[in-house]
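Step one of this worksheet: look at the structure below.
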Amino acid sequence: MNHLDQSRRDTLKMLGFGSSAGLLGLFGGVSTAEAREQQGKPQYAVGAPPVKIKSVKAIATAPQGSNLIVVKVETTEPGLYGLGCATFTQRAAAVIVAINTYLNEFCVGKDVDNIEDMWQSTYVSSYWRNGPVLNNALSGLDQALWDIKGKRAKMPVYQLLGGKVRFAIPCYTHAGGNTPEAAADSVKKFMADGFKYIRIQQGGYGAVGATADKPDFKVANFGGETDNYMNERLYLKSVPKMFEVVRKECGDEIELLHDIHERVQPIDAINMIKRVEEYRPFFIEDPFSPENMKWFAQLRQATSVPIAMGELFNNINEFKEPMVNQWFDFIRIHVSQIGGISPAMKVARLGEWFNIRTAWHGPGDVSPVGHAAHAHIDLAVWNFGIQEAVQFSEKTQAVFSGCPTMNKGYMSVNEVPGLGVDIDEKEAAKYPITTKSNWQVRKMDGTIIRP
Ligand SMILES: O=C(O)[C@@H](O)[C@H](O)[C@H](O)CO
Ligand SMILES: [Mg+2]
C-alpha cells in the first residue's frame, strides 16, 4: 500500500466508513480480490443491533359489551412489547385467526424498527388484500409497532408524529332519546359535563325505538327473529323535528351532529339534509352507503351542510377521489379498518391540502388502545376536525390501564412513552367475546337496507 492509499484510507475512516476495502475499491483505491468481491454490493450503515419481533398474538375481551380485539407484539428485548387495536366487532373471531395464525408467522424474527416496511409487506403478503379482517389484523401490528417505537424513544407517539398542534382534543359524545324532548334532555346533561359537540339520534339509528310499530315482515314470519328494522318514512320526518326541538331547548351555542348511518335512499337523504340546514348542524354523517358515491355531486349542489363520510371504507384508496373532489368535509375512518396509524396519517395529510378535517370513528367498538391511537394523531395533525369518544366503564378501565381521559369535552392521553395504554390479560379473560353480532336492517316490508 502506498502513501496515497493510506491517506485515502484515513479520510474514509474519518468520514465514518471504517476501513472497508470494498469502499476503497469504489473510490478507486486498492483493487484486491476482497475489494472486487465487495464491489457492487450495497453499502449500509450498521446501527445498534436490531430488536426483533418474538410473537404476535390477539387478546379478545368485551368488558363493555362490544367485542374488542387487541394485538400484543412481544420483542426480543425483555419486557418490551407493544399494543394495537384490531377491533372488527362483528367478525372478531375471524380477526383472531388472521393475527394468531398468519400475522404471527409472518412477523416473527422481523425488525421492530421498520414500521412502514412492515405495513407494506404485510399488506401485500396475502396477495389478495383490502378486506376488513386482514386490515384490522394489520392495524393491530402497525399500532403496536408505533407503541414500541415510542417506548424505545421514551416519547409519547404524538411526538413521533410531529409533536402537538393543540393542547387537548375536542370530542363529541352520543345523546338521544325516543322523543325529541328526551333527546334535548340528554343533550342538556352532556352540556352540563362540558361537552361542546353532541351527536343526536332519536330512537337510535333510523328512529327505531321511536315507534311502537311491529314491522310487517315479522308479523308475516319473514327474515330472522333478531333482524333489525326501521320505518324510513318516520325516520325522515323525525330528524328535522328533533333538530328543531333540540335547537330551541338547548340554544345556539352547542354544536349538533347526526348520523344517517347510510339507511335511506340517497335522494331522501339529500332532501332531509336540506330540511335540517336551518338548525346549523356541525356535520351530518354517512348520508349514503359507499355504493352510492356518485350522489355526492348532487348533494354538494343542493346544500352546504357539512358532511362526514367514510366509516365503511376499507381501503385508503377509496378516500382519494372523494377527497380531491371535496365531496365531504370530515373524514370518518375506523382507523383499524384501514390498517392503523400509518395509513390514517396519510389520509389525514391528504386532507390538509383540501381543507378536509379528521373525525376518526370512535364509538364503543374501538378498544381504549385504539382511542389512544386517535388521540395521538389528533394532537399531531393540523387539519383535525373533531373526535368521537365514549366513556370507559370501570370494568374497561380495570382491563385497560392508562385509558385516555375526558375533561369538559376534551380528551387527553397520559404522557408516558408509546400509546400509553396497557392491558391486564387476566382481567381481559373475564369478559369473553361473542360470535353473535349481526347488523342487518330491514324495511317494514322486509327488504334489506344497505346500511
Ligand atoms: O358513527 C358511529 O359511531 C356509528 O356509525 C357506529 O360506528 C356504528 O354503529 C358502529 O359502531
Ligand atoms: Mg357512523
Side-chain angles (χ1 to χ4, degrees), residues 62-69 85-92 95 132 135-136 139 171-176 183 186 190 195 197-209 227-230 235 239 255-264 269 272-273 281-292 305-314 318-319 322 328-338 344 357-368 370-371 373-374 378 385-393 396 406 411 433-434 436-441 449-451:
Q64 227 160 307
S66 293
N67 297 332
L68 304 175
I69 305 292
C85 186
T87 300
F88 173 11
T89 205
Q90 293 83 349
R91 294 295 180 265
V95 182
N135 277 359
N136 270 283
S139 161
C171 290
Y172 73 86
T173 187
H174 297 179
S186 162
F190 286 116
F195 280 97
Y197 303 82
I198 301 177
R199 192 189 80 167
I200 48 173
Q201 305 292 135
Q202 189 183 334
Y205 301 120
V208 176
D227 287 356
N228 300 305
Y229 62 91
M230 70 175 282
Y235 170 72
V239 175
E255 297 292 347
L256 299 172
L257 300 75
H258 176 74
D259 189 354
I260 296 181
H261 223 273
E262 317 103 352
R263 287 194 175 194
V264 291
M272 194 186 83
I273 295 168
F282 181 75
F283 71 49
I284 298 291
E285 175 183 349
D286 285 353
F288 314 134
S289 64
E291 294 91 343
N292 283 306
V305 168
I307 303 295
M309 177 75 188
E311 86 185 30
L312 286 187
F313 291 172
N314 284 315
E318 285 176 81
F319 285 87
F328 46 72
D329 305 278
F330 293 89
I331 308 157
R332 288 288 290 159
I333 281 185
H334 186 88
V335 168
S336 63
Q337 176 86 354
I338 59 151
R357 289 169 280 168
T358 64
W360 311 121
H361 182 239
D365 52 330
V366 173
S367 75
H371 284 280
H374 299 157
D378 293 341
I386 191 69
Q387 179 59 58
E388 181 181 30
V390 289
Q391 307 284 346
F392 301 115
S393 70
T396 302
M406 190 69 66
M411 180 158 69
I433 60 166
T434 86
K436 286 199 174 53
S437 189
N438 298 310
W439 287 48
Q440 71 281 7
V441 183
I449 292 170
R450 290 193 181 148

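As the structure lists them, so they are numbered: ligands from 1, and atoms in each ligand from 1. Fair warning: this is a prediction, and the values are worked out from it, not measured in the lab.
The aromatic ring centres of Tyr235 and Tyr205 sit 6.0 Å or more apart. Remark: aromatic rings of Phe288 and Phe328 are distant, center separation not under 6.0 Å.
Residue contact annotation: Glu285 places an N/O/S atom under 2.8 Å from the Mg ion (ligand 2).
Between the side chains of Asn228 and Trp439, no donor-acceptor pair is found at a separation under 3.5 Å. No hydrogens or angles considered: a donor-acceptor pair under 3.5 Å links the side chains of Ser289 and Asn292. Under the 3.5 Å distance criterion, with hydrogens and angles disregarded, no donor-acceptor pair is assigned to the side chains of Gln201 and His261.
Distances from the Mg ion (ligand 2) to the N/O/S atoms of Glu311 are shortest for OE1. Among heteroatoms of the N, O or S kind in Asp259, OD2 lies nearest the Mg ion (ligand 2).
His361 NE2, 2.1 Å is the protein heavy atom nearest to atom 7 (O) of ligand 1. For atom 4 (C) of ligand 1, the nearest protein heavy atom (residue, atom name, distance) is Tyr205 OH, 3.0 Å. When only non-hydrogen protein atoms are considered, atom 5 (O) of ligand 1 lies nearest to Glu311 OE2, 2.6 Å. In terms of protein heavy atoms, atom 3 (O) of ligand 1 is closest to Glu388 OE2, 2.5 Å.
Applying the 4.0 Å criterion to heavy atoms of Trp439 picks out, from ligand 1, the atoms 8 (C), 9 (O), 10 (C), 11 (O). If you number the atoms of ligand 1 from 1 as listed, the ones under 4.0 Å from a heavy atom of Asp259 come out as 1 (O), 2 (C), 4 (C), 5 (O). Atoms of ligand 1 found under 4.0 Å from any heavy atom of Asp365 (numbered from 1 in listed order, with element): 10 (C), 11 (O). Listed by number with element, the atoms of ligand 1 under 4.0 Å from a non-hydrogen atom of His261 are 4 (C), 5 (O), 8 (C), 9 (O). With ligand atoms numbered from 1 in the order given, ligand 1 contributes 1 (O), 2 (C), 3 (O) to contacts under 4.0 Å with heavy atoms of Arg332. The Arg199 neighbourhood of ligand 1 comprises atoms 1 (O), 2 (C), 3 (O), 4 (C), with distances under 4.0 Å to a heavy atom of that residue.
Here the closest heavy-atom approach between residue His334 and residue Asp365 is recorded as CE1-O, 3.4 Å.
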**Request:** Please step through side-chain contact (heavy atoms from CB on, under 4.5 Å) for the pair Val366 and Thr87, ending with a clear verdict.
**Result:** CA-CA 6 Å; Val366 173; Thr87 300; 5.7 Å; no
**Item:** Residue pair Asn314, Gln337: steps toward the side chain to side chain donor-acceptor pair (under 3.5 Å) verdict
**Value:** CA-CA 6 Å; Asn314 284 315; Gln337 176 86 354; 2.5 Å; yes
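Using a cut-off of 4.0 Å between Lys/Arg side-chain N and Asp/Glu carboxylate O, Arg332 and Asp286 are scored as not salt-bridged.
When heavy-atom distances to ligand 1 are checked against a 4.0 Å cut-off, Glu285 comes that close only through its side chain, counted from C-beta outward.
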